[in-house]
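Structure first, commentary second.
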Amino acid sequence: MRLLLPLGIAYGALGALRVAAYRAGLLPSLRPEGPVISVGNLSVGGSGKTPVVEWIARTLRDAALPVAILSRGYGGAYAGGPQVVSDGDGLRMDARSAGDEPVMLARALSGVPVLIGRRRDAAALLAERLFGRRVHVLDDGFQHLRLRRDLDLVCATPEDLRDWPLPAGRLREFPRSVARAHGVLLTEDGPGPGGVETWRVTRRVLGAADLDGREQRVPRSAWLVCGIARPERFVADAAACGVAVAGRDVFRDHHRFSDSDWAGVAARAVATGAEAILTTAKDAVRLPPAARSGPPVRVLRVGVQFADEESFRERLLRVARRAA
């Protein structure tokens with residue numbers, strides 16, 4: 001790590017210069033008609049921001065505010081301009097093209113359009129042209145400075161707040177960059193950053209579903225399979241709701257499962273006598289057709305809970321309505 005520290009400092013310094021260039025107006029940024037609420041992170045992968053994005057979009061939708069989610073579409077094959085993943089009524093793209101997280105969010109949030117694009121500012125303009133003025137929830141947006149925001153939130157852990165930028169650590173920026181956020185969502189126990197409004201957020205298991213989204217009982221025993229950045233969280237979630245883990249297959253983050261992958265998973269699950277194969281919502285949208293035959297597959301549904309939920313909800317709605 002010491003050998004990489006100069007590179008990490010250089011990487012962090014370049015990020016700081018980029019922020020300064022946007023603040024000085026040297027790089028262009030856009031403010032769409034509707035308000036923008038950004039959820040981002042400091043570290044690379046596995047920050048827990050996607051369940052937060054889902055919670056925010058659902059809360060705004062249920063408060064009768066028109067909402068759209070803007071995502072980069074990381075891991076998808078599509079590389080063109082802004083595109084609609086879901087119009088709120090049905091999917092227009094699959095996970096292979098759009099990436100797993102946008103499709104997962106689209107499946108979970110009826111009535112909420114989901115768009116992807118490397119340029120989220122262009123995606124916001126497309127959303128307003130197609131669906132009208134609305135609140136834009138920007139997924140993974142802390143470093144996407146082309147789009148001005150009314151509420152800038154960062155998901156972080158205490159470890160993030162003392163780590164280093166890439167390649168010396170796992171950060172995209174220096175930890176002190178949280179100071180430009182309007183709020184920090186602390187997703188693990190430990191000290192917060194200080195000087196920034198902070199809410200504590202915990203993961204919680206909501207239950208289980210089948211591959212069509214129908215609610216099912218959490219299996220008593222299961223073979224776990226996932227391809228996410230922090231598989232240990234999934235294992236802990238399964239154990240926390242009483243699942244006896246028969247074994248597990250862990251693939252790289254955003255892995256595209258093949259039929260041959262699944263044949264091996266299914267064979268190992270059957271050999272252990274597991275009641276079901278258990279996976280995550282993010283992985284479920286990438287499973288091959290073969291997953292619908294053989295051992296039953298259950299999707300562990302995970303959400304978030306705020307230590308002071310009413311305070312956060314009020315802050316969120318106040319910003320959205322004020323700027324709307």
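Worth saying up front: this structure is predicted, and the values here are computed from it rather than measured. For the single chain, residues carry numbers from 1 onward in sequence order.
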Can you confirm whether the side chains of Ser29 and Arg146 place a donor and an acceptor under 3.5 Å from each other? no
Mutual orientation of the aromatic rings belonging to His255 and Phe251 [parallel < 30°, tilted 30-60°, perpendicular > 60°]: parallel
Would you call Arg301-Glu54 a salt bridge at under 4.0 Å N-O? no
Between Glu101 and Lys282 (salt bridge meaning N to carboxylate O under 4.0 Å), is one present in this structure? yes
Looking only at side-chain N and O atoms, does Asp62 offer a donor or acceptor that is under 3.5 Å from a partner on Thr59? no
Just wondering, are more than 12 heavy atoms of other shown residues or ligands nearer than 6.0 Å to CD in Glu215? no
Summary of side chain to side chain donor-acceptor pair (under 3.5 Å) pairs that have at least one residue in residues 284-294, sequence neighbours excluded: Asp100-Arg286, Asp212-Arg292, Asp283-Arg286
If you take all heavy atoms of Gly75 and Arg256, which pair is closest and at what distance? O-NH2, 3.3 Å
Salt bridge present between Glu275 and Arg220 (N-O < 4.0 angstrom): yes
I want to check a possible cation-pi pair here: Arg315 against Phe312, using under 6.0 Å from ring centre and within 45° of the ring axis as the test. no
Do you know which two heavy atoms are closest between Val178 and Phe142, and how far apart they sit? CA-CZ, 4.4 Å
Lys/Arg-Asp/Glu bridge criterion (N-O < 4.0 Å) met for Arg120, Asp140: no
Trp55 and Phe306: ring-ring contact (aromatic ring centres under 6.0 Å, His included), yes or no, with the steps? CA-CA 10 Å; Trp55 190 95; Phe306 291 83; 4.8 Å; yes
Exceeds 12 heavy-atom contacts within 6.0 angstrom, atom CZ of Arg31: yes
For Val302 and Pro51, work out which heavy atoms get closest and say how close. O-CB, 4.4 Å
Do we see a donor-acceptor contact under 3.5 Å between the side chains of Trp199 and Asp308? no
